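Here's the structure, in structure tokens; my notes come after.
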Amino acid sequence: MTALLDRPAGPATDPTPARPAGRWRSALGLLPFAAYLLVFLGGPLYFVVSGALSDPAGRPTLDNVVASLTEPQYRAAFASSLLISAGTAVVGAVFGVFLAQAVLTGRERGDGREGPLRRVVSTASGVLAYFGGVPLAFAFIAALGQTGLATLWLRAAGVDLYGAGFRIDSLSGLALTYVYFQVPLMVILITPALEGLRPQWREAAENLGASAWAYWRHVALPVLAPALAGATLVLFGNAFAAYATALALTSGSIPLVPTAIASALSGNVLADRQNIGLALGLDMVLIIAVVMVGYLLLQRRAARWTR
Amino acid sequence: MRRGRRWRVVVFGLAALYFLLPLVAAAEFSLRAPGGGYGVANYLAIVRDEALLGALLTSLQIAVVTAALVLALVVPTAVWVRLRFPGLAGVLESATILPIVIPPVVMAAGIAFVQANLGGPVFRTLFASSLTALTPFYVVLALPFAYRAVDNGLAAVPLRTLVEAARNLGASLGTALLRVVLPAIRSAVLGAAFLTLALVLGEIVIARILLYTDTFPVAVVEAGRTAAGVAVALSLAALLLTWALLLAVSFAGGRRTRRTTP
């Protein structure tokens, strides 16, 4: 363990790599973390994959995967899941960028520390983006449910939402709720990229006679494009994976892929449904894996400007 | 600065409307009394209703054990990566975002398969109660958030100098970690613990699919089927409480760095 002191501390920008032998030994330090993930994340994923690819008797088959992609109720679930994920990702990304930029360029403190507004926004973003599922469902029922505050106000103002066919436990109601956690997630993801826009670029553009619009159109947006696209992909994956809000808001009346998985797994259905449920899970993991690979590739491009 | 002021007002106005209206509505809804008028009866359900109170205690228990496991896994690993594998930091940074989108419902599906089809003493112990069954998997869900929080904390302290100074004074690596590094990043550690609490107080997907209905969020959703006011009140209270804790940690951390950086 004294190996830590055997070599001089390199400067932070130029880390000295450990000797090969010492490197293997120090890799042991990562073992508990890796082993834990292997058992408790890898374990469930292993059973999803193996169950998806076998019949109830354990014989290998592709029938479950085929059924999960072709049966009408599952196609409808994929269609509405993809629709709500894409829609709320785009809306959340656009609104989130504006909000993040507004917060960033708001009142800045001379000493470069985070002002109270940024602390409030960043902590609130974290809580809402990652853990808001259940409370948000109830907050939206309270606002836009049959007797919700906003519904009553709108009715008093002459707009009858429910008369017009709106329901909070419909796909559009759910989408309205999803945007509430998509925007904060966008703020979290895009703020570092916005911070990476150097003031000198703006000054240079202005000195060359560019308007604010020309600066954004020809300098800032092209630099931000990979980061924006990558963050939008994460938002898509986030909405696609989300289930807590739908579970609390609707008790399963909207066909989404997670809803289909949950009902295929519940005990009172046929045994082969369980394997189809796992196949749906596998489909989900594959779709999200593709999305995340896209995100990582874009992230690498985005990093070019922040070096 | 002046040029951008108008669009900023529009953005903040829209954000305030969209983000505050549901919270205001939730607060109003939660304070409605059954016979008309307003009162705090919905909030008192947490002490009146023994099932809800028991569920809250169960969830707090899960949160404490989960946070302890998460910190035991994350703090040494994050320190170790920064000291010995600085090249890996970028990889881990992007890897920590991956589990954010590994659907809990898929994890739950895999666990439910094990629960239904595999026996044996190990699995019987694992699935014996919500504490033993849910905690290991909540740890996995909390890892990415906790890793980011702790790693950000480590980035703000001269980690290598601290560890080497402690080692030169004769401390073992473990002692250096516990008595030098841990106090230096205590606000990040607290932040990670509160993020874990927020996660445990909001997780219903795995608990519902595995049929552990005695946790707080599941009990709140169940209560919402008959008394929407109670569900709105308690979920709003849990959200605001965890947010207030994180905000307090954020300000406390800010004060500390001001003192330590010249």
Side-chain angles (χ1 to χ4, degrees), chain A residues 1 4-5 9 15 18 26 29-30 32-33 36-37 40-41 44-45 47-48 51 98-99 102 105 113-114 119-120 123-124 126-127 130-135 138-143 148-150 180 212 234 237-238 241 243-244 247-248 258 261-262 265 277-278 281 284-285 288 292 296 299, chain B residues 3-4 8 11-12 15 21-23 25-26 28-29 73 77 80 83-84 86-87 94 97-98 100-101 103-107 109-114 136-137 139-140 145 160 164 167 173 198-199 202 204-205 208-209 217 220-221 224 228 231-232 235-236 238-239 242-243 246-247 250-251 254:
Chain A
M1 279 295 157
L4 192 62
L5 294 176
S26 43
L30 303 176
F33 193 82
Y36 193 92
L37 278 184
F40 290 105
L41 180 63
L45 283 180
F47 287 106
V48 168
F98 277 102
L99 187 57
T105 57
R113 282 183 299 115
E114 292 190 347
R119 284 180 196 286
V120 169
T123 51
V127 176
Y130 299 125
F131 315 113
V134 177
F138 288 117
F140 272 81
I141 291 174
L149 195 63
Y180 203 104
V234 175
N238 184 47
Y243 183 35
L247 193 59
I261 294 177
L265 287 175
L278 295 173
M284 258 183 115
V285 170
I288 288 174
M292 292 317 287
L296 291 177
Q299 191 64 18
Chain B
R3 177 187 46 205
R8 201 172 297 128
V11 168
F12 277 131
L21 181 65
L23 295 179
E28 191 266 353
F29 195 90
L73 280 172
T77 306
W80 201 237
L83 287 179
R84 301 308 302 271
S94 15
I97 207 159
L98 289 173
I100 294 174
V101 287
V105 66
V106 174
M107 257 183 93
I111 307 164
F113 183 83
V114 176
F137 302 103
V139 170
V140 174
F145 309 108
R160 191 176 290 276
E164 280 170 4
R167 302 289 317 256
L173 198 59
L199 182 130
I204 58 169
V205 172
R208 267 286 287 270
I209 289 180
V220 164
V221 172
V232 173
S235 58
L236 183 70
L239 185 77
T242 45
W243 175 63
L246 284 168
L247 193 63
S250 162
F251 276 109

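Owing to the predicted nature of the structure, the values given are computational and were not obtained by experimental measurement. Residue numbers begin at 1 in each chain, while the letters A, B, ... track the order of the sequences.
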Begin from the C-alpha positions of A:Phe140 and B:Leu21 and carry the test side-chain contact (heavy atoms from CB on, under 4.5 Å) through to its verdict. CA-CA 9 Å; A:Phe140 272 81; B:Leu21 181 65; over 6 Å; no
Shortest non-hydrogen contact between [X] and [Y], atoms and distance:
| X | Y | value |
| --- | --- | --- |
| A:Val127 | B:Trp243 | CG2-CA, 3.9 Å |
| B:Trp80 | A:Gly29 | NE1-CA, 3.4 Å |
| A:Ala241 | B:Pro104 | O-CD, 4.2 Å |
| B:Ala109 | A:Ile261 | CB-CG2, 4.1 Å |
| B:Ser235 | A:Phe138 | OG-CD1, 3.6 Å |
| B:Phe251 | A:Arg119 | CE2-CD, 3.3 Å |

Greatest number of heavy atom pairs closer than 4.5 Å to chain A - which of B:Leu246, B:Leu199, B:Thr242, B:Leu23: B:Leu199
Between B:Ala198, B:Gly202, B:Pro217, the one whose heavy-atom pairs under 4.5 Å with chain A are most numerous: B:Ala198
Minimum side-chain heavy-atom gap [X]-[Y] below 4.5 Å:
| X | Y | result |
| --- | --- | --- |
| A:Pro32 | B:Thr77 | no |
| A:Pro44 | B:Ile111 | yes |
| B:Pro22 | A:Tyr180 | yes |
| B:Leu73 | A:Leu37 | no |
| A:Tyr36 | B:Val139 | yes |

What part of B:Val232 lies closer than 4.5 angstrom to a heavy atom of chain A: side chain, backbone, both or neither?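 Both parts, backbone and side chain.
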Taking side chain as everything from C-beta outward and backbone as N, CA, C, O, which of these in B:Ile209 sits under 4.5 Å from a heavy atom of chain A? Side chain, backbone, both or neither.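 Just the side chain, heavy atoms under 4.5 Å.
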Can you tell me which portion of A:Phe98 sits under 4.5 Å from chain B's heavy atoms? Options are side chain, backbone, both or neither. both
Which bit of A:Leu99 is near chain B, if near means a heavy-atom gap under 4.5 Å: side chain, backbone, both or neither?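 Its backbone and side chain both get close to chain B.
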Please identify, among A:Gly281, A:Gly277, A:Gly148, A:Gly133, the residue contributing the most non-hydrogen atom pairs under 4.5 Å to chain B. A:Gly281
To the nearest 0.5 Å, what is the distance between [atom1] on [X] and [atom2] on [Y]?
| X | Y | atom1 | atom2 | result |
| --- | --- | --- | --- | --- |
| A:Ile141 | B:Phe29 | CD1 | CZ | 8.0 Å |
| A:Leu30 | B:Arg84 | CG | CZ | 10.5 Å |
| B:Met107 | A:Phe47 | CE | CZ | 13.0 Å |

Residues B:Val106, A:Leu278; criterion side-chain contact (heavy atoms from CB on, under 4.5 Å); working and verdict: CA-CA 8 Å; B:Val106 174; A:Leu278 295 173; over 6 Å; no
